[in-house]
Amino acid sequence: MDELLEDAARRAKLYVSAIAERRVTPLPDAVGRLRELGGALPLDPTDPLAVLALLDEFGSPATMATTGPRYFGFVTGGVLPASLAANWLAGAWDQIAGLQVMSPVAAAIEEIALEWLLGIFGLPPSCGAGFVTGATMANFTALAAARHALLKRAGWDVEEDGLFGAPPLKVVVGAEVHVTVLKALGLLGLGRARISTVDADAQGRMRADALPAMDERTIVCIQAGNVNTGAFDPAQEICARARDAGAWVHVDGAFGLWAAADPERAHLMTGVASADSWATDCHKWLNVPYDSGLALVRDASSLQAAMAVTAAYLQTSPDRQPFHFTPESSRRARGIEIWAALRSLGRRGLAEMINRNCRQAQRFAEGLREAGYEVLNEVALNQVLVSFGAAERTRKVIEGVQQEGTCWCGGTVWHGRAAMRISVSSWATSEQDVERSLAAILKVALQ
Ligand SMILES: *Cc1c(COP(=O)(O)O)cnc(C)c1O
């Protein structure tokens, strides 16, 4: 075991130390060689050292360098040193985070991390929370709590009696709703198409003046951080109107919620804290290892009612049982890496990381505009949308940038226009990385 773990550490160190200079996308050759990991499953055991050597030889060159400093695809966080190291140690612990009695350490660290997280987001300490895989499951989990609460108010027990014959719920989303919210609504039996869609403005913000009539059986799904523009829905106005109507407001804040940590960006969050539930990711802007998301619900009892299991042998104590707040029962102890990330950054370090990424996004926008390209969004957060002209031309540039390998940016379509999307979400990105990436993008665009 000693030799194996030391070998793993040595190999990981080599990988980490080379990542900043490696091309971001793996070469097609390296991807092709992944076949070497397959073939028929051997009959006899293999020495773990040899297994690790195989994985490193063929796996490491075929990774996407998402932990490197120049990956700007989707909205992808890197991995903070403290959270990577904690992930290793926690891997050795192999704790089950379902019940207190299964792992007191996992349960306690989760509670500590939760207290810190709620403080960062400006949410009440009494919120219920589920540590889930990502914002998709966080949307699902929080919306399950909403479904429970609204139907209970209507005299219906949805966990016991299901949705057949239940009083209908009305769901309102913005025109720019993230697809994972629709997926969650589908999973919950609320339907992907049985929804009212509210017009959005040029930045993708839901238009509060276009909200339909709401009542105590309405769930309104708003966004803190549009996945393309980074824009925030007008939460204050929407939450006030929803409160008057008795409706439930759910916020998809997969990365946007972290704006709360940066005093210069916290104003974007105005009104968000008065919603009823929130979904966010820790594997995006907090830069913890995948996978890690968070479902937060103001009324903890609704979340617990939607998620709790009732088998007698699982009722062990009156303490907070983590799996009464998540769809999963057995799961890994995600709170550990969150704790380590926050403990190493501190409030100020977190604020600086968020602020730095936003300034870096502004620098990208400025550099691209100076070169004569059109930036399609107001860069208020960490997202930049740029057009290089006609759709065909823009797609060519995106492909060229990805192949060139200095950095990686994805493509999107924004209000009918093809665009390259730059998302700056990593602790590892320096000012030099931004300049180097800008130069590489402009060189490809000029070809
Ligand atoms: C990334 C994202 C999601 C989905 O998050 P996963 O972590 O991939 O499940 C949902 N909503 C928004 C706004 C996002 O940016």
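When a ligand or atom number is given, it counts from 1 through the structure's own listing order. Start at 1 with the first residue, then count along the sequence.
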>> Need the ligand 1 atom indices (1-based, order shown) with element for anything under 4.0 Å from a heavy-atom of Ala135.
In response: 3 (C), 4 (C), 5 (O), 6 (P), 7 (O), 9 (O), 10 (C)

>> Tell me whether Arg331 forms a cation-pi arrangement with Phe323, defined as NZ or CZ under 6.0 Å from the six-membered ring centre and within 45 degrees of its axis.
In response: no

>> Does only the side chain of Lys284 get under 4.0 Å from ligand 1, or the backbone, or both, or neither? Count heavy atoms.
In response: side chain

> Between Asp94 and Arg332, does at least one N-O distance fall below 4.0 Å, as a salt bridge requires?
Replying inline: no

> Distance from Arg298 atom CZ to Leu123 atom CG, nearest 0.5 Å?
Replying inline: 7.5 Å

> Nearest heavy atom to atom 10 (C) of ligand 1: which of Val75, Thr180, Val251, Thr76 does it belong to?
Replying inline: Thr180

> Which atoms of ligand 1 have any heavy atom of Val227 under 4.0 Å away?
Replying inline: 15 (O)

>> Using a 4.0 Å cut-off to any heavy atom of Phe255, which atoms of ligand 1 qualify?
In response: 15 (O)

>> Would Gln223 count as being in polar contact with ligand 1, using the rule that some N or O on each side must be under 3.5 angstrom apart?
In response: no

>> Would Val251 and Gln223 count as a side-chain contact (heavy atoms from CB on, under 4.5 Å) here? Give the steps.
In response: CA-CA 5 Å; Val251 182; Gln223 302 201 101; over 6 Å; no

> Measuring from the heavy atoms of Met137, does anything fall under 4.0 Å of ligand 1?
Replying inline: no

> Between Arg207 and Asp201, is the closest basic N to carboxylate O distance under 4.0 Å?
Replying inline: no

> Which residue supplies the protein heavy atom nearest to atom 9 (O) of ligand 1, what is that atom called, and how far is it?
Replying inline: Thr136 OG1, 2.6 Å

> Of all heavy-atom pairs between Leu118 and Pro124, which one has the smallest distance, and what is that distance?
Replying inline: CD1-O, 3.6 Å

>> If you measure every N or O of Asn139 against every N or O of ligand 1, does any of those distances drop under 3.5 Å?
In response: no

>> Side chain, backbone, both or neither: which applies to Asp252 and ligand 1 if a contact is any heavy-atom pair less than 4.0 Å apart?
In response: side chain

> When rounded to the nearest 0.5 angstrom, what is the spacing between CZ in Arg147 and CD in Glu159?
Replying inline: 6.0 Å

